[in-house]
Amino acid sequence: MSKEWDLYARLIEGYDSSLSFSGINGDRIAKRLHEISKIGLTEDGGSHRVGFSQEEKQAKSLIKKWMEELDLSITEDGAGNVFGRMEGENPSLPAIVSGSHLDSVPNGGHFDGPLGVLSSLELIEAWKETGYQPTRPYEVVIFSDEEGSRFNSGLTGSRAMTGDVDMELQRSLVDSNGNSFEQVMNKIGLSEKSFTDAARNLEEIASFVEIHIEQGKKLEQQNLPVGIVSGIAGPSWLEVEFHGNAGHAGNTPMTEREDALVAAGEFISNIHDLPGQVSDSAVATVGKLHVYPNGINVIPGKVALHVDIRDIHEETRTELIQLIISEAEKASDKFGVRCTHQQTLQVTPVPIQSEIKQHLRQAMEQHSIRATELPSGAGHDALIIGRHLPTAMLFVKSKEGISHNPKEWSSLNDCVQGVHVLKSYVESIDKE
């Protein structure tokens, strides 16, 4: 695969070169996406750069080389987050920060993360070419371990930068090879202490913006290259258990059963209609289920399942949680079993401020792109940063909504239009 791999050729085919203007160069973006894609390239043509790996470190080094060519001031904190800084006319002002991540899921795609980093870097390329200097400093950031594939605990770099880390939990993490968090950090030249010291004075930052592929189909359905993220959903995980009585599948009459799986089945089926009752952006998913004792000829005596509940608004998410709990109790009462539940995860969602969305709308109008808003069901570094700082997010159209897969694809035309909108947005807030 690696000998034949040419992401650049695939990207540049059909590219509308008229989109390369105002210093933004689609050919350069395509070449850089290609260069990054070769790091951790899999046999399936996917990307394998898990967090805190040598591959992620190598990809960061490549970006740092491009940063050096632009004479940026480069720093790397104790969590491995990389910052490339261009000074503004007034260096004392808080900076605008833009970026994303370079790590991937195992055998993932080539746009999730790298597009955001390269788009942010392309702004500086364009400014250097056109002689533009921002009023305030501008920083490109590469966050470490956004995906969380290594420890099943992601958004690590952004959590470290903002100080949102439970170090007791972090120390307890072990990867699939049995390596502790500290051992993994030591292998790439970092440490637990350096990680703790990565928390930054957030008064140095005025705002954050991230551009990312949509990982959904809404923009494709509307035939739009770019969309405005209206909010980033925070997941809430609810563990629900149905307790009945195990019994012989042949000798127990249907009228005398306390079947935990029948109750769970009705509950799962009815969840589908609940999110729409509270919000257009709410979702709920049962993705994990265990049946006990799990025998072919045994009536299930217990079912344990997990419901992933998300929305971009905390109040409607709370309302949905209550509806789901009520539905579980109804199902258990109907089939004569007992139900218990507990919340195992609660992440605060981040709605995007209306003033920020208005700036994004104006930026899109400058490029004759119809502005549309859509929620982000997936978590991103912007979710963490948005708890502390004014945060904006843009989505670029994804082909068929495919992501975390070698087939992940966004056309170069759409990517470049996203960079133009990003540039216009950053320049507009820089003037404030």
Side-chain angles (χ1 to χ4, degrees), residues 1-49 55 58-59 61-63 65-67 69-70 98-102 104 107-130 140 142 211-215 217 219-220 223-227 364 367-369 394-424:
M1 172 59 69
S2 59
K3 291 181 180 179
E4 302 173 358
W5 180 251
D6 195 343
L7 182 66
Y8 170 75
R10 293 176 62 201
L11 281 165
I12 210 70
E13 184 180 1
Y15 174 59
D16 180 358
S17 60
S18 69
L19 292 171
S20 292
F21 63 91
S22 299
I24 292 173
N25 188 315
D27 187 75
R28 176 170 51 223
I29 294 169
K31 286 177 178 175
R32 288 179 170 179
L33 280 167
H34 173 70
E35 287 302 310
I36 293 172
S37 77
K38 293 190 291 185
I39 302 171
L41 183 65
T42 70
E43 288 297 319
D44 295 329
S47 173
H48 190 100
R49 291 189 302 270
E55 290 82 6
Q58 185 182 346
S61 295
L62 178 59
I63 299 290
K65 179 176 77 73
W66 293 330
M67 288 178 171
E69 292 170 357
L70 287 166
S98 179
S100 195
H101 62 98
L102 296 175
S104 76
N107 204 28
H110 298 291
F111 298 84
D112 177 354
L115 178 62
V117 174
L118 293 178
S119 297
S120 303
L121 189 64
E122 187 65 19
L123 265 63
I124 299 179
E125 294 280 5
W127 289 342
K128 293 274 187 178
E129 185 172 320
T130 58
V140 177
I142 310 168
I211 190 167
H212 202 279
I213 58 169
E214 181 192 353
Q215 302 174 291
K217 299 181 180 180
L219 290 175
E220 187 176 55
N223 195 29
L224 292 171
V226 187
M364 294 181 73
H367 299 284
S368 300
I369 301 171
L394 288 164
F395 274 162
V396 170
K397 181 170 65 182
S398 294
K399 183 180 179 181
E400 298 178 6
I402 297 171
S403 186
H404 286 186
N405 184 304
K407 294 180 180 178
E408 178 180 279
W409 187 259
S410 291
S411 75
L412 186 57
N413 288 341
D414 293 338
C415 293
V416 172
Q417 289 183 82
V419 180
H420 280 293
V421 174
L422 177 67
K423 179 175 179 288
S424 294

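Note that the structure is predicted; figures quoted are calculated from it, not measured.
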Nearest-0.5 Å distance that lies between atom [atom1] in [X] and atom [atom2] in [Y]:
{"X": "L118", "Y": "L123", "atom1": "CG", "atom2": "CG", "answer": "12.0 Å"}
{"X": "R32", "Y": "L11", "atom1": "CZ", "atom2": "CG", "answer": "14.5 Å"}
{"X": "S410", "Y": "K399", "atom1": "OG", "atom2": "NZ", "answer": "11.0 Å"}
{"X": "I39", "Y": "Q58", "atom1": "CD1", "atom2": "CD", "answer": "4.5 Å"}
{"X": "L219", "Y": "E214", "atom1": "CG", "atom2": "CD", "answer": "4.0 Å"}
{"X": "S411", "Y": "N413", "atom1": "OG", "atom2": "CG", "answer": "5.0 Å"}

Please examine the side chains of [Y] and [X], heavy atoms only from C-beta on, and report whether any two atoms are closer than 4.5 Å.
{"X": "P225", "Y": "I369", "result": "yes"}
{"X": "E43", "Y": "H48", "result": "no"}
{"X": "D414", "Y": "V226", "result": "no"}
{"X": "P114", "Y": "L33", "result": "yes"}
{"X": "I36", "Y": "V117", "result": "no"}
{"X": "F395", "Y": "I213", "result": "no"}
{"X": "S20", "Y": "Y15", "result": "yes"}
{"X": "D6", "Y": "H34", "result": "yes"}

Would D16 and S18 count as a side-chain hydrogen bond (donor to acceptor under 3.5 Å, both in side chains) if you check the C-alpha gap in whole Å, the side-chain angles of each, and the deciding distance to 0.1 Å? CA-CA 5 Å; D16 180 358; S18 69; 2.7 Å; yes

Considering the options K423, H420, Q417, which one meets the side chain to side chain contact (heavy atoms under 4.5 Å, CB included) requirement together with H367?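 Exactly one option meets the side chain to side chain contact (heavy atoms under 4.5 Å, CB included) with H367, and it is H420.
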
Do you know the tightest heavy-atom contact between [X] and [Y]?
{"X": "G99", "Y": "S120", "result": "N-OG, 3.3 Å"}
{"X": "G113", "Y": "S100", "result": "O-CB, 3.4 Å"}
{"X": "G401", "Y": "E220", "result": "N-OE1, 4.3 Å"}
{"X": "D44", "Y": "P406", "result": "O-CB, 3.7 Å"}
{"X": "V396", "Y": "G418", "result": "CG2-CA, 4.3 Å"}
{"X": "S119", "Y": "I211", "result": "CB-CG2, 3.5 Å"}

Checking [X] now: which residues fulfil side-chain hydrogen bond (donor to acceptor under 3.5 Å, both in side chains) with it, not counting sequence neighbours?
{"X": "R28", "answer": "E122"}
{"X": "N405", "answer": "none"}
{"X": "H404", "answer": "D112, E147"}
{"X": "D27", "answer": "Y8, K31"}

With sequence neighbours left out, what residues match L70 under side chain to side chain contact (heavy atoms under 4.5 Å, CB included)?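 By the side chain to side chain contact (heavy atoms under 4.5 Å, CB included) rule, L70 matches L72, L121, I124, E125, K128.
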
Using a strict threshold of under 4.0 Å (side-chain N to carboxylate O), is an ion pair present between E13 and R10?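 Result for this pair is no, no salt bridge flagged.
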
Salt bridge (Lys or Arg N to Asp or Glu O under 4.0 Å) partners for E69, two or more places apart: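 For E69, the residues satisfying salt bridge (Lys or Arg N to Asp or Glu O under 4.0 Å) (neighbours in sequence not counted) are K65.
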
Polar side-chain atom of H110 near backbone of G45 as donor-acceptor pair, under 3.5 Å: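 Yes, H110 side chain to G45 backbone: donor-acceptor pair under 3.5 Å.
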
For the pair S104 (side chain) and R49 (backbone), establish whether a donor and an acceptor sit closer than 3.5 Å, ignoring hydrogens and angles.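 Side chain of S104 to backbone of R49: a pair is present.
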
For N223 and K397, what are the C-alpha separation, side-chain angles and deciding distance, and is it a side chain to side chain contact (heavy atoms under 4.5 Å, CB included)? CA-CA 8 Å; N223 195 29; K397 181 170 65 182; 3.7 Å; yes

